[in-house]
Amino acid sequence: MALPHWKPRLRSAALLALSGSVLGLVVNAVRPHGLPLGYAALKQQGALDPVKRLVGEGKGVALATVQTAMREGTAILVDARPRQDYEAGHLVGAFSIPFNDFGAPFERFRRVFPRETSLIVYCGGGTCTDSVEVLDKLLAQGYVDVKLFPGGWEEWRKAGQPQEKGPDPLSQQKEQH
Amino acid sequence: MRALLFVLRLLLGVLFVLASVDKIAHPEVFVVSVNKYQLLPPTLVPLAAVTLPWIELLAGVALLAGIGVEGAALVTTVLLVAFLSGMGINFARGRELDCGCFGFLIPNEQVGPISLTRDGLVLVVSVVVTLRGRRSWGAGWLSRWRDERSRGVGK
């Protein structure tokens with residue numbers, strides 16, 4: 001079976017792939033914050049694990065800090081998990097701002113809590129990085145004191161700490177007209 | 001037909017240029033995405049994160065410029081097959097994964113039926129342009145120009 005035109009296609013494709021690779025490597029070498037190419041080095045820096053990176057920056061908090069926040073109101077807790085997970089069980093007093101539905105819940109939250117409010121974001125725990133995404137978005141929206149609880153729901157539950165069920169309190173309020 | 005191919009060629013080009021921009025701007029974020037897919041041997045992860053976006057960009061530019069269109073579409077086809085396989089495998093593993101397909105443009109897009117279907121459709125477009133792209137309006141102008149120049153010199 002004749003295969004017309006495949007040689008020129010393959011030639012252009014190879015040229016493109018090659019130039020792209022070279023360009024990428026050159027740009028990376030030259031730019032100020034290029035990516036280190038060693039996988040081991042990256043892993044060590046915590047560059048591949050957003051949670052580890054934040055903890056390294058001092059933005060992680062331990063269970064004890066979350067307990068204090070809950071008891072004394074020193075920080076507001078934000079649950080980054082999907083709404084169904086939140087409603088099935090969450091840390092007492094936590095508000096729901098799901099990573100996969102940030103907009104409306106955040107708007108409700110923003111109206112109540114000013115940018116200086118201390119926040120602690122959590123998600124499932126373990127390998128979950130949804131809390132990082134919500135944290136980054138909160139920072140981008142102007143919140144200045146946002147920390148992470150890496151242990152998340154899993155650690156909290158296993159430690160037998162206080163939990164509650166049900167919908168997000170802010171979503172239940174009727175609009176005032 | 002030539003008009004339709006033109007539209008498809010441009011669409012594919014725009015998609016790939018847009019997809020590449022954020023990955024080029026933030027390699028430190030894209031490398032996390034690539035690593036999460038857990039499909040490449042670890043040593044290749046940073047290399048892929050650094051080279052893939054530029055390959056996407058060049059392919060997109062070539063498609064838009066009408067130069068080496070079918071070769072560029074062959075590159076996008078191969079990339080799409082790789083992405084779809086990667087997404088499919090992880091979806092089947094039941095992993096909740098950020099697609100990472102368009103970076104900041106569609107942040108937090110999960111790998112799932114929607115992204116899989118969308119990329120499947122783009123793959124179909126890419127195959128069509130690979131096979132017939134030379135017939136689209138404006139494609140191949142550079143080689144035609146070069147042919148005419150060499151014919152002119154020969155006279």
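What you see is a predicted model, and the numbers here were worked out from it, not measured in a lab. Letters go in sequence order (proteins before strands), and every chain restarts at 1.
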Is there a side-chain contact between B/E28 and A/H33, using heavy atoms and a 4.5 Å cut-off?
no
Would you compute the distance between atom CG of A/L23 and atom CG of B/L57 and round it to the nearest 0.5 angstrom?
8.0 Å
Is there a path from A/F149 to A/V146 through hydrophobic residues (I, L, V, M, F, W, Y) whose side chains come within less than 4.5 Å of each other?
no
Closest non-hydrogen atom pair, A/L37 against B/P46
O-CG, 3.3 Å
Are B/L11 and B/V124 joined in one hydrophobic group, where the rule is that I, L, V, M, F, W and Y side chains link up if heavy atoms are under 4.5 Å apart?
no
Name the region of B/V50, side chain, backbone, both or neither, that has any atom closer than 4.5 Å to a heavy atom of chain A.
both
Is there a continuous path of hydrophobic side-chain contacts, each under 4.5 Å between heavy atoms, that joins A/I76 to A/L54?
yes
Which region of A/R31, side chain (C-beta onward) or backbone (N, CA, C, O), has a non-hydrogen atom less than 4.5 Å from a non-hydrogen atom of chain B, or is it both or neither?
side chain
Same cluster for A/L148 and A/V66 if Ile/Leu/Val/Met/Phe/Trp/Tyr side chains link at under 4.5 Å?
no
Shortest non-hydrogen contact between A/S12 and B/G71, atoms and distance:
CB-CA, 3.7 Å
With a 4.5 angstrom heavy-atom cut-off, which part of A/V27 approaches chain B: side chain, backbone, both or neither?
side chain
Max heavy-atom pair count under 4.5 Å with chain A, selected residue of B/V78, B/L52, B/T51, B/T43
B/T51
Report, by ascending residue number, the residues of residues 58-67 of chain B in heavy-atom contact with chain A at a distance under 4.5 Å; give 'none' if the set is empty.
B/L58, B/A59, B/A62
Criterion side-chain contact (heavy atoms from CB on, under 4.5 Å) on B/L47 and A/L25, from CA distance to verdict:
CA-CA 8 Å; B/L47 282 169; A/L25 288 166; 3.9 Å; yes
For A/R9 and B/L131, indicate whether the former's side chain and the latter's backbone hold a donor-acceptor pair under 3.5 Å.
yes
Which residues, numbered in order, of residues 152-167 of chain A come under 4.5 angstrom of chain B by heavy-atom distance?
none
Do you know which of B/A73, B/G68, B/P42, B/A72 has the most heavy-atom pairs under 4.5 Å to chain A?
B/P42
Between B/T76 and chain A, which part of the residue has a heavy atom less than 4.5 Å away: side chain, backbone, both or neither?
neither
Part of A/S19 within contact of chain B (heavy atom distance under 4.5 Å)
both
State yes or no: do B/L123 and B/L79 share one hydrophobic cluster built from I, L, V, M, F, W and Y residues joined by side-chain heavy-atom distances below 4.5 Å, directly or via other members?
yes
Closest heavy-atom pair and its distance - B/L74, A/A13:
CD2-CB, 3.8 Å
Would you find more than 12 non-hydrogen atoms of other residues, nucleotides or ligands less than 6.0 Å from B/R135 atom CZ?
no
